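In what follows, a single structure is set out as structure tokens and then discussed.
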Amino acid sequence: MKEPLKIGLMDSGMGGLSVLKEILKYQKDLEVVYFGDLKNSPYGEKSVKTVLELTRDVCNRLLEEDVKTILLACNTATSAAAETLRKEFKIPIFGMEPAIKPAILQNPGKRVALLATPVTQKEEKLQKLKKELNADDLLLPISCPGLAGLVDRGDFAGAEEYLKPILKSLQEQEVEIVVLGCTHYVFLKEILLRNMPDLKLYDGNFGTIKHLLNSLGGFVSGSEFSKTENTKYKLILNSEEEFHFSLADNLLNSKSEV
Ligand code: DGL
């Protein structure tokens, strides 16, 4: 029997689980190995050089699992490392695409807030995208240092307190469209909507996975890339904290729509 295609997913911690959840919706003939680098999380407040080194180490660790392609399920790692690692690795490296394009195009003339880590906000990838979309005047960048760390600790009450003043300021500025430019923040959708029900939220998970699966279809051309009953996955969490393992299970199995 043909082996399923093995792909690696990486993130600094829990955020990429929202991306894994999106992949699992499609039940393709895949085996996913997920690596959450919790010992080194969060990445978003580190230097670009450090994020590149950490991401490279995780990708090498995933190669030991014999993955045939890697998705950086982390906007921060994508911004800091995707281009370099694509040159260094022989296997395809995919990255996250923040959903700025659909947010801007579907809401012409409206201001769009981008919640993301400091590294993502300042990196060239975002600057290029802004230029391409001519979106400088419409995009309101909001750096959220520390927010991903709260998700990794399962501190959702803390995350809500963190977000309240941000939402208040959005309300004052009459901004209702928000792009979640960090895979961790996808787990905060319910909190965001509870506090501001009129928000229109965008995240990059759907678009990224659609692109990944389309590309993998081509990548495995000549063989079947069929639907299966269940996509297998294995979680590797770089952590000695017991609660990280139960938190990861809860986030993956929670019914909430991410
Ligand atoms: N999940 C990550 C992202 O998408 C990184 C968060 C962090 O480690 O700071 O940006």
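Side chains are part of it too, since the values below use all heavy atoms of this structure and drop only hydrogens, waters and symmetry mates. Here the structure is a predicted model, which is why all the values come from computation and not from measurement. Numbering of ligands and ligand atoms starts at 1, following listing order.
- For ligand 1, none of its N or O atoms has an N or O atom of T120 under 3.5 Å away.
- Given atom 1 (N) of ligand 1, the protein heavy atom at minimum distance is H184 ND1, 2.7 Å.
- With respect to atom 2 (C) of ligand 1, the closest heavy atom belonging to the protein is C74 SG, 3.2 Å.
- Atoms of ligand 1 lying under 4.0 Å from at least one heavy atom of D11, given by number and element, are 1 (N), 2 (C).
- Between the side chains of S246 and E242, no donor N or O sits under 3.5 Å from an acceptor N or O.
- For D152 (side chain) and M14 (main-chain N/O), a donor-acceptor pair under 3.5 Å exists by modelled atom type.
- The closest donor-acceptor contact from the side chain of Q121 to the backbone of L114 lies under 3.5 Å.
- A donor-acceptor contact shorter than 3.5 Å is absent between the side chain of T231 and the backbone of L24.
- T117 and N75 form no side-chain donor-acceptor contact under 3.5 Å, judged by distance and modelled atom types alone.
- If you number the atoms of ligand 1 from 1 as listed, the ones under 4.0 Å from a heavy atom of S12 come out as 5 (C), 6 (C), 7 (C), 8 (O).
- Looking at ligand 1, you'll find an N or O of N75 within less than 3.5 Å of one of its N or O atoms.
- The side-chain contact (heavy atoms from CB on, under 4.5 Å) test with I177 is passed by exactly one of N107, I104, L140: N107.
- The pair K128-E124 meets the salt-bridge criterion, with a side-chain N (NZ, NE, NH1 or NH2) lying under 4.0 Å from an Asp/Glu carboxylate O.
- Of the protein's non-hydrogen atoms, the one nearest atom 10 (O) of ligand 1 is T76 OG1, 2.6 Å.
- The contact set between ligand 1 and A148, taken as ligand atoms under 4.0 Å from a residue heavy atom, comprises 6 (C), 7 (C), 9 (O).
- If you number the atoms of ligand 1 from 1 as listed, the ones under 4.0 Å from a heavy atom of G44 come out as 7 (C), 8 (O), 9 (O).
- Considering both main-chain and side-chain atoms, S41 never comes within under 3.5 Å of ligand 1 through any nitrogen or oxygen pair.
- Those atoms of ligand 1 that come under 4.0 Å of a heavy atom in Y43, given as number and element, are 7 (C), 8 (O), 9 (O).
- Counting the atoms of ligand 1 from 1 in the order shown, those under 4.0 Å from a heavy atom of T117 are 6 (C), 9 (O), 10 (O).
- Side-chain N/O atoms of S254 and K21 include a donor and acceptor closer than 3.5 Å.
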